[in-house]
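Here is the structure we will look at, set down as structure tokens.
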Amino acid sequence: MVNFKQFWTKKTLVGLGLGQFLSLLITSTGFSSSELAKRGINAPTSQSFLNYVLLSVVYGSVMLYRRQALKAKWYYYVILGLVDVEANYLVVKAYQYTSITSVMLLDCWSIPSVMLLTYIFLKTKYRYRKIAGVIVCVAGLVMVVFSDVHAGDRSGGSNPRKGDLLVIAGATLYAISNVSEEFLVKNADRVELMSFLGLFGAIISAIQISIVERNELKSIHWTAGAAFPFFGFSLAMFLFYSFVPVLLKMSGSTMLNLSLLTSDMWAVVIQIFAYHEKVDWMYFLAFVAVAVGLIIYSGGDTDDDQSRADVADQGTERSKHFDEEAGFDNLNRGNTVGSSKMGDTSRHDSMTSSGGRETIENMSIGKDMQGKKS
């Protein structure tokens, strides 16, 4: 029977609160991008530029204070920065063509993409329950695409199908970025990752802005209504990048996935009450499918699995301990045999030396006897 006093601990409540805070941050970025798109502002790279600058300044200062050597090659961060910048560009660009709800739901495509990449490159094994959850999740994503195809005349966007493709492409790049970050976090350092991701992300964004979005920035009429969602997006992204590792360390990836799932619910609430848009009935089926799929995926590791893993770890430790004891026993036996051999050798030497002394004494006695006879 579940003991709710043990379940509702301070750690659990803080994890739930932080998870919903991250969920609201993701929803606010979608709200900001959708609001800018409605105002005719099409500068997706510029929206993410300030986020990268904040990451490089804040975490770069911490890294300079530490004065530690790099734990990963710098060009790894260049590749990661490029992938992350283009992922943000594609997803933010999709708000120009499709609805906020489609973007929030289709962004879940990163989960099966992450599973495939980690299976290929990181050799991660997944249970059948997790695979079943991904299948249900993908079924919900297919419902979103068909909903946009058959209901393209609603107020969700000018070209929903194009927007859906941009989101799927961006989510795939997000998956590549997440797998790369997982590798670098395990083999390098989180502060180093954030600082160099911000540095090279800002450089790549600046180059792309000068080529693609220079004229767009000049044509923007900066009012309070345009500046607030523009800078609010960057601030929300910076906070999201900063607090995700905290939740992962505190409650794990299961809590993170379940928490970010509610961002889709917040997106539907914003679309209905803020934008007064009509939500297609297939969205609700898609939401249910994605929710069920993510719950199945996140619940793939049970307590029994964890206990079996702990038992396996304990068995491994015991086997290591037994191996060490066996090694010590063999070493002691070797020392015993060696000492016995040395004892035999010493005894042989003493016998040889004593035999030699007896021979010398006998020779001297023989000489004395011969002297007396003469």
Side-chain angles (χ1 to χ4, degrees), residues 22-55 80-110 113 144 148 156-178 197-198 201-217 219-220 222 225-241 244 260 263-264 266-267 270-271 274-275:
L22 292 174
S23 179
L24 287 173
L25 287 176
I26 287 295
T27 307
S28 65
T29 59
F31 176 80
S32 300
S33 299
S34 182
E35 187 66 25
L36 290 172
K38 288 181 176 294
R39 294 177 177 272
I41 299 176
N42 183 18
T45 307
S46 301
Q47 290 179 228
S48 303
F49 173 73
L50 183 58
N51 168 45
Y52 293 120
V53 172
L54 291 173
L55 288 174
L80 176 61
L82 177 62
V83 172
D84 197 71
V85 167
E86 299 309 321
N88 288 327
Y89 174 81
L90 291 175
V91 172
V92 175
K93 185 75 173 179
Y95 286 96
Q96 304 289 328
Y97 303 102
T98 189
S99 64
I100 182 175
T101 313
S102 294
V103 175
M104 301 301 291
L105 285 172
L106 287 172
D107 198 37
C108 297
W109 171 256
S110 60
S113 301
V144 176
D148 284 338
S158 59
N159 193 341
R161 281 171 286 184
K162 182 177 180 180
D164 293 345
L165 292 176
L166 289 175
V167 177
I168 293 175
T172 304
L173 292 181
Y174 274 140
I176 298 174
S177 176
N178 292 336
L197 176 61
I203 295 174
I204 296 171
S205 296
I207 296 173
Q208 185 163 316
I209 289 171
S210 63
I211 298 174
V212 179
E213 300 179 4
R214 181 176 54 186
N215 296 328
E216 181 68 27
L217 288 177
S219 62
I220 296 176
W222 291 104
F228 180 76
F230 190 90
F231 292 103
F233 174 89
S234 299
L235 180 60
M237 286 293 290
F238 171 75
L239 293 175
F240 180 80
Y241 273 62
V244 162
L260 295 184
S263 63
D264 302 326
W266 297 123
I270 290 175
Q271 186 176 12
Y275 295 149

Practice problem: Verify side chain to side chain contact (heavy atoms under 4.5 Å, CB included) between S46 and F230, making sure each step is shown before the conclusion. | Solution: CA-CA 9 Å; S46 301; F230 190 90; 3.7 Å; yes
If I compare all heavy atoms of [X] with all of [Y], which pair ends up nearest, and what's the gap?
X: V92; Y: P44; result: CG1-CB, 3.5 Å
X: M237; Y: N51; result: C-OD1, 3.5 Å
X: V103; Y: A94; result: CG2-CB, 4.3 Å
X: L50; Y: F231; result: CD2-CD2, 3.5 Å
X: I204; Y: G81; result: CD1-C, 3.8 Å
X: G198; Y: L55; result: CA-CB, 3.8 Å

Quick check: does any side chain N or O of [X] sit under 3.5 Å from a backbone N or O of [Y], one acting as donor and the other as acceptor?
X: Q96; Y: I41; answer: yes
X: R214; Y: I209; answer: no
X: S205; Y: A202; answer: no
X: S32; Y: S28; answer: yes
X: T98; Y: Y95; answer: no
X: E216; Y: N42; answer: yes
X: N159; Y: Y97; answer: no
X: T29; Y: I26; answer: yes
X: T45; Y: Y89; answer: no

Practice problem: Take Y174 and N88 through the test side chain to side chain contact (heavy atoms under 4.5 Å, CB included) and record every step on the way to the result. | Solution: CA-CA 8 Å; Y174 274 140; N88 288 327; 2.4 Å; yes
Distance, nearest 0.5 Å, that separates [atom1] of [X] from [atom2] of [Y]:
X: T172; Y: E86; atom1: OG1; atom2: CD; answer: 14.0 Å
X: S33; Y: K93; atom1: OG; atom2: NZ; answer: 12.0 Å
X: F49; Y: L54; atom1: CZ; atom2: CG; answer: 10.0 Å

Quiz item: Is there a side-chain hydrogen bond (donor to acceptor under 3.5 Å, both in side chains) between S177 and D84 once you walk through the steps?
Solution: CA-CA 6 Å; S177 176; D84 197 71; 3.1 Å; yes
Self-check item: Check against side chain to side chain contact (heavy atoms under 4.5 Å, CB included), L80 and L197
Solution: CA-CA 7 Å; L80 176 61; L197 176 61; 4.0 Å; yes
Practice problem: Assign the ring pair Y241 / Y52 to parallel, tilted or perpendicular, where the plane angle (0 to 90°) is split at 30° and 60°. | Solution: perpendicular
